[in-house]
Amino acid sequence: MKKKEGIKIIRLGGELEIGRKDEIRDSLASSDDAAAVLLDLGEVTYADSIALTELLRFCADSARNQRPVALVIKTPQFARLVQYAGLATAFKIFGESSPALEYLTECTRES
Amino acid sequence: MKKKEGIKIIRLGGELEIGRKDEIRDSLASSDDAAAVLLDLGEVTYADSIALTELLRFCADSARNQRPVALVIKTPQFARLVQYAGLATAFKIFGESSPALEYLTECTRES
Amino acid sequence: MHARIVTRSQLSIRCPAQSQYVAPVRHALAGFLQALDFERQPLEDITTAAGEALANIVEHAYARCRKTTERYLELTAKLDREGRLRVVVSDGGSFVERRKLPGRGFGLRIIRAIAARLTIDTSDGTRVRMIFDRGS
Amino acid sequence: MHARIVTRSQLSIRCPAQSQYVAPVRHALAGFLQALDFERQPLEDITTAAGEALANIVEHAYARCRKTTERYLELTAKLDREGRLRVVVSDGGSFVERRKLPGRGFGLRIIRAIAARLTIDTSDGTRVRMIFDRGS
Ligand SMILES: Nc1ncnc2c1ncn2[C@@H]1O[C@H](COP(=O)(O)OP(=O)(O)O)[C@@H](O)[C@H]1O
Ligand SMILES: Nc1ncnc2c1ncn2[C@@H]1O[C@H](COP(=O)(O)OP(=O)(O)O)[C@@H](O)[C@H]1O
């Protein structure tokens, strides 16, 4: 079995909404070779529950594969959406990339 | 009398419209010390006739002071607006900055 | 802004119930709210709630309909006499009653967190009526 | 897009006749046209023409009115049966007849270059009616 290495960074921006569902799903597919994933969503200008569902699915898959995931969310609409959906504790969320990277580095070191 | 020197670059972007009339006028005020002016409007996403009127006034003032002015317009809406207003020949318009600069350099060398 | 002036404002859009129309309808609503002087946070929240109701139409409304049904989504927005915003998102499909699936069912929850009032009328298609206070 | 579906779409906004409302009303119109599947160029041209009519209200409509007059601007947009877009920009002020000043008077010229038809009704306030073909 190939050893998983490094932190993969996936960047998504603009409006993460129903019209881009397939694209979001594709961007989140196949991170099998990474030891951890940083989802950089700092440039997301709008997100909806369709995007949340895809993110949840991705995080659940990753958890099954012992692959830690950190989300970077900077925009207020997205941050509030997560609250409104009652998902504040379902994700590991950071307001900036560097603490998210530190967190993931720490996670992969431990394992 | 102080000798006029160099090409002054004035950059305006976003929506050049009635709500920003005073700001547009202020940005165009007082270029007395420049030998020529490049109006870089490449990042304008929308323009209206209020903006055109301010630009015309600026170019007329500059002409009175023998100060050549070149406009850089890149966005289709703005380019069409100038056509619709019948002002295609009222301005010296370029699609890129470098030929505009060359033109102004040529102008100031001649004088 | 004078309440008297804006009370006549109304937005009403009907388009095919396809995912690519949800964002444009949302953008129209955002522009409408901007013109009515809504602050950034309530503006974003209201368009978020409306976006969820619209997405539900695309995802569920016509799942059990015959091919010949006219598949549309519709949004109307206007201020009422009390200065609250009333948004109705409607379709000509049929409401799907079902048990909540894990990892789904956030749409209505999000709408409830934002709207001061939510009623869903399923007597003729689905009409999701939302009332928002100006503050949020 | 099915003509039958979109014919019920309508946008109607009324707000104070002040310069800061022109851009939001234009944005609402742009979102509305985007939802109705207008291409980029006609969308930009139509919002440009509407923007000129709106700016004229702010600049001229209430110049000769008493302070107590309710100073509003209003825009309505809808598709007619032939699929053309009808936009009406209106106010409760009075049309100012005057000779063209040099370096001004581009607004109506721009609207004429874009709209398939333009009529200005000055019987009660000013109503600028514009009809646009889908192509431009
Ligand atoms: N416009 C609609 N037409 C048909 N069914 C709907 C509509 N809106 C909501 N529903 C039903 O309500 C359920 C809950 O919706 P929601 O909370 O948004 O979660 P989700 O869409 O993730 O299932 C949907 O699964 C669907 O069965
Ligand atoms: N809504 C309006 N109310 C009053 N007068 C108007 C209105 N729209 C246009 N006008 C008159 O028509 C003239 C021509 O308008 P326009 O072509 O846009 O040029 P400009 O606004 O630069 O003068 C204006 O100067 C004004 O006298």
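Just so it is clear: chains get the letters A, B, ... in the order the sequence lines come, proteins before strands, and each one is counted from 1. Keep in mind it's a predicted model, so treat the numbers as computed, not measured.
The CG atom of C:Asp133 sits 13.0 Å away from the CD1 atom of C:Ile114 when rounded to the nearest 0.5 Å. Atom CD1 in C:Ile13 sits 9.5 Å away from atom CD in C:Glu74 (nearest 0.5 Å).
Within the 4.5 Å cutoff, no side-chain heavy atoms of D:Asp45 are placed close to those of D:Phe132. Within the 4.5 Å cutoff, the side chain of D:Leu85 has no heavy atoms near those of the D:Lys78 side chain.
Shown here for D:Leu36 and D:Ser9, the closest heavy-atom pair between the two residues is CD2-OG, 3.4 Å. Closest of all the heavy-atom pairs between C:Val89 and C:Ala50 is CG2-O, 4.4 Å.
Among the residues in residues 26-34 of chain C, those with a non-hydrogen atom closer than 4.5 angstrom to a non-hydrogen atom of chain D are C:His27, C:Ala28, C:Gly31, C:Phe32, C:Gln34.
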